[in-house]
Structure formats: structure tokens, C-alpha cells
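Working notes, beginning with the structure itself.
This structure is a prediction, so every number in the text was calculated from the model and none was measured. Proteins get letters first, then strands, A, B, ... in listed order; numbering begins at 1 in each.
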Amino acid sequence: MNYDQIMQLALERGFYFPSCEIYADAQAGFWEYGPSGVSLKNKFVELWRREFVRRDRMMEIDGSQIMSEAVFVASGHLSSFADPIIGCQKCKSIFRADKLITEITSIVVPESADLTEFDKVILEKNIVCPKCKGTFEKAHKFNMMFKVGIGPESEPAYLRPETCQSIFVDFPRLFKTMRGKLPIGIAQIGKSFRNEISPRQSLLRLREFYQAEIEVFCNPNKLDNLEKFSEVENTEIRIMVEDDIKTMTCKQALDAGILPNKLVAYYLGLLIEFYQKTGIDVTKSRFRKLGDKEKAFYASVAFDFEVETTTGWLELVACNYRSDYDLTSHANKSKEKFEVLDDEIKVLPHVFELSMGIDRSLYTILEHSFRDDKENDRVVLSLKPYLAPIHVGILSLVKKDGLAEKAEEVFFKIRTKYDAFLDHSGAIGRRYRRLDEVGAPLAVTVDHQTLQDDTITVRIRDSMSQERIKISDLDAYIVKAITYP
RNA sequence: GCGGAGUUAGUCCAGCCCGGCACGACGUCAGCUUCCCAAGCUGAAGGUCGCGGGUUCAAAUCCCGCACUCCGCACCA
């Protein structure tokens, strides 16, 4: 169960594969989901919707992927979502300006400093290219946003680098028209785009990727006034405390001051309960509080939710307390009013966000579900049944004697309700194994007895055990097996 | 973007030094056989040898450029 095995399974079984792969100019960092991948993703998204949007009575929106320049002037992405870089005139090597200066002179010039600051220090300290001793060109910024030109005049706009900006921009309308009341979560699933310098490892670092983001708007004076916290107070989380991972309940973490308030503790509790249901091994997870240097520019407190995979610790969710950074910025830039009434008092809400990487989560689900069952000479994806790309395979034991036709009858009865897959060809054991590899939890087999008494066998993926049931009971059987928790 | 290693069928790979019809396995499809766990037999399909250029009578093979993948650096959900 390492990265290469998952990659091979993904390619062979239609989970995901490189975009535009038949052309030589295909760029790195773009991947397609195949049929199995889409089916898994849809079910993952549905689970997310159940466990966050419905459970916590959030609103869900679907915003535009291209957003106007003003949005990113206000959000800070135009100035801050960029690295200061310098290039050598001679050998063309490129360096991070701030890192190189600190490395050579120990002078700390903040990443966000004015570009002339970098040029000044480089000139004063006579910094040259560490590779060829060449002199540097002027510092410039490499912005990680994709710029697009709108209309015939190519008016500047950008592909959003995070989905949440639409939520902030839409907040005033949503709060008014949807009868909002603090605290309120607004959620969105969609694509975001970042021009990574070096995308790598398929779904783990993409230039175009799916995020599931939740922005919780709250009254900053009432962060510990949250009745629903009792729902998760005994939920156990694993959290880094001074380089050790400690297991404790949300309440314990709150009481110990490791988590800052009930609101944050509540949503971290929801998060871990969600991931438990995805089949990811949460005993291999941790929340890690980020230091000031690691945090995004908009975050005042940040916890990363990380999971151990064969590629190392992988960040699946960024949990950022963004305070009023975004609403204040957009209010100032747009002149729109973002204050709302909470108990008759006007308040500018603060924001706590759960920013989930969907692609990375799907990869982790695959890796944590992958089982190399040598005893039975098979590869099994032990996915949670409700996430399986195929719910049930419908097989005829052999193709002749009318068994294929009977299997088709069974298939036609259930095909619109479940993800079912009909298969007649080849040895029965081979067909079971193919289903095991895409994680189908059930396999129904039509045999000679079926023709006599309308019963079929149902094979359970994980145990390989079988039981015989009536065709008329199949629907109820499948519902029970694949229903969401 | 840098350093290193790579790229040949759906997958894994041989061939490359030393230029001459692209090898094998797995998988897929069809038929036979078996009739509940990747058996066997017969047959078939599947290739811009990463892309572009050069050298040559002839290039997967030699030369140049580029792209992509993987590992490290840096960046990040």
C-alpha cells in the first residue's frame, strides 16, 4: 500500500490519470477523474454535505471560478499570494529573494517587503549568484494566481486561488436574503487554481484542484457561547502538543487551553467525526498548530489537519481563524456593509474556516483502504460501502443456460437506484477480484438454483463470505448495506 | 526553477553500449472447457517507442532541443 501501488490502481481502474496525456505539450499539475474516481468523489461530497452542511444547518453556494481583480486586491492575494524572486543575469538561476538574503547575510527582509528593499540589500551587501557569481536582475514577484483576460479588451481577472472568496463577497446578500443568524456556516465545493512552481505526486499537488470550504461567520464576543459544543465534547481528537501527539477529547483540549475556544473545538470535532466516516484511519491523524511563519497571510490562528500516508504527513484540511481580515478588506474596498445584527447589536463577524483538499482526501481514502490480501491472492479496496464507486456487481455464474438473461433481469431492476455493474464474461473468481479492486462491497451471483427458486447469492467483499437471499429481498438488502451512517 | 534518475501496448518491462521486421509477462476481447473465488486450451485486438529537429540508405537505438514523470531543494490545500 504505497504511493506507486495506488497510482497503478488509479491508472488501471479508472480512478484518475494525467490530463491531455496524448499531447506532448500537456502541462504538469492537471489530472482527470475517470469513472471510478468520479463515482468515489460524488459519494465523498455527499458525505461531506451530510456531515457538515446538513448536520450544522449551513448554506451551500456554488460560485464563479473567475473573479474580478478587485476581489483579489481586497483579499490581499494580488500582493501577498506571491513570492519575491530574483534571477541571475548570467546563469538564469532563480532564487527566493528573501530566503537568499537571509541565508547569506542573516538579514531578515520579510517576504511581503517592497521589492526595492530586496534590491537595496542585494546591492549594499554585494550579493551575487551562489552558483556562478553572476549579478542579479531586479527582484520581481511571481504571483501564484492565473490571470485571465475577459472580453475583447482582455480586462484583467483571475481564476480563484481559493473558493472562499466568493463566500466572503456574497456574504451580505446571503445573510439578508437567507435570514442568517450568527453563527452561520457557508459552504462551497468547487475548483481552485494555483500556478504552483513544481506540481508533483498526482492528486497531492495540483494546479487545478477541488476544495470543500466552510466559512463559519461568528460573533467574536461569543466564541465560547455555543450550546451545540456538547455534541462533540467527548469526541476524541489527536493533537500536537510540543512535538508529541496527544489523544484527548475536544473538551479536554479546550479546558487545557490547547484549543482557543468552543467554536473552534466544535468544528474540529465535526471534522474528525467526518473523516472517521470516510474510512481514513484517524489514528494516523493529527491537528498541528501552525507557527507564525507557516501560517497563511490571512490567518491569526491556524491548525492543519494532517494524515500519515506513505508519502509522509499530508495536510488535508487547513483550519484558519481568519478573524475579520476578509470582511474588513472587502468592506473597505467595496463600500458594502458587512456588519450584521446579533441580539440587536451590530457586529462585524469573524470567520473560522475549514478548507479541505478534496483530491488529497480521496487519495488518502484510497491508500488507507488498499489491502494486498496475499492469502487470497487479491487486491481489495475496503472502501466504506457508501463511498464505493460500484455498489454491487451482478454476475451470472456461467453465461449459458439462461443465467446471463436472468442476471440481466436482476440488473435492470436495480440499475437506476444503485451503481450496479453487469458482468458475464470469464471465470467467476476473476470477476469477483475485479470488483474487489474497485471496492464494490457486494457481488450478486445468479446460478442454476436461481432459475428454480428466484434466489441469488450475495458475496461480501471483505470476508468473501456468501449468503443466499430472494431476488425480491435484494433491494432492501442493498439499501441496508450501502446507506450512509 | 535547480540537481539526480527516468519516459517503449491498459499495466510492468526487454531491446539502446554495438543503428537493420519492437520481446515478454500481466490485463482486455472472442471461442472451448470448468461451474462459486485470478485454473487450462485456442485465437485476436492493442504501439505517433514522450515530442520536435539533426546525422544516416536505414533511428526505439547516435546527436541537439523541449515536455512530462519520479526523488531531493523551495512552495503549498
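Residue-level contact check: A/Lys399 touches the backbone only, with heavy atoms under 4.0 Å from sugar-phosphate atoms and none from bases. Among the heavy atoms of the strands, none lies under 4.0 Å from A/Met356. Among the heavy atoms of the strands lying under 4.0 Å from A/Asp447 is at least one base atom, whether or not backbone atoms are also near. Residue A/Ser355 is classed as having no contact, given no heavy-atom separation below 4.0 Å to the nucleic acid. Heavy atoms of A/Ser192 sit nowhere under 4.0 angstrom from any nucleic acid atom.
Set against B/C68, B/U11, B/C37, the side chain of A/Glu12 has B/U11 as its closest nucleotide. Closest to the side chain of A/Gln466, from the set B/A67, B/C36, B/A77, is B/C36. Distances were taken from every side-chain heavy atom of A/Glu437 (C-beta onward) to each of B/A38, B/A77, B/C36; the shortest belongs to B/A38. Taking only side-chain atoms of A/Ala318, from C-beta outward, the nucleotide of B/C71, B/A77, B/U11 with the closest atom is B/A77. The side chain of A/Arg194 sits closest to B/A77 out of B/A67, B/C37, B/A77. For A/Tyr3, counting side-chain heavy atoms from C-beta on, the closest listed nucleotide (B/A67, B/C37, B/C70) is B/C70. Distances were taken from every side-chain heavy atom of A/Ala427 (C-beta onward) to each of B/C37, B/A39, B/A77; the shortest belongs to B/A39. Side chain of A/Gln201, nearest nucleotide from B/C71, B/C29, B/U33: B/C71.
Both A/Asn376 and A/Gln8 lie close to RNA chain B; mapped to their nearest nucleotides by heavy-atom distance, the more 5′-ward contact belongs to A/Gln8. Of the two residues contacting RNA chain B, namely A/Arg431 and A/Glu208, the nearest-nucleotide position lying further toward the 5' end is that of A/Arg431.
Donor-acceptor pairing under 3.5 Å, judged by distance alone, is present between the side chain of A/Arg360 and the base of B/C76. For a distance-only test at 3.5 Å, the side chain of A/Arg433 qualifies as a donor-acceptor partner of the base of B/C37.
B/U61 and B/U8 have their P atoms separated by 14 Å, given to the nearest Å. Look at the C1' atom in both B/A9 and B/G27: the space between them is 11 Å, to the nearest Å. Comparing the same atom, C1', in B/G72 and in B/A25 gives a spacing of 33 Å after rounding to whole Å.
Shown here, B/G31 forms a base pair with B/C41; the pair counts as Watson-Crick or G-U wobble because both key distances fall under 3.5 Å.
Summarising the geometry, the separation between CG on A/Leu11 and C1' on B/U69 is reported as 11 Å, rounded to the nearest angstrom.
Annotation: proximity of residues 453-463 of chain A to RNA chain B (heavy atom, distance under 4.0 Å) is found for A/Thr457, A/Arg459, numbered in ascending order.
Checked against A/Arg468 for a side-chain hydrogen bond (donor to acceptor under 3.5 Å, both in side chains), the options A/Thr450, A/Thr455, A/Thr457 give a single hit: A/Thr455.
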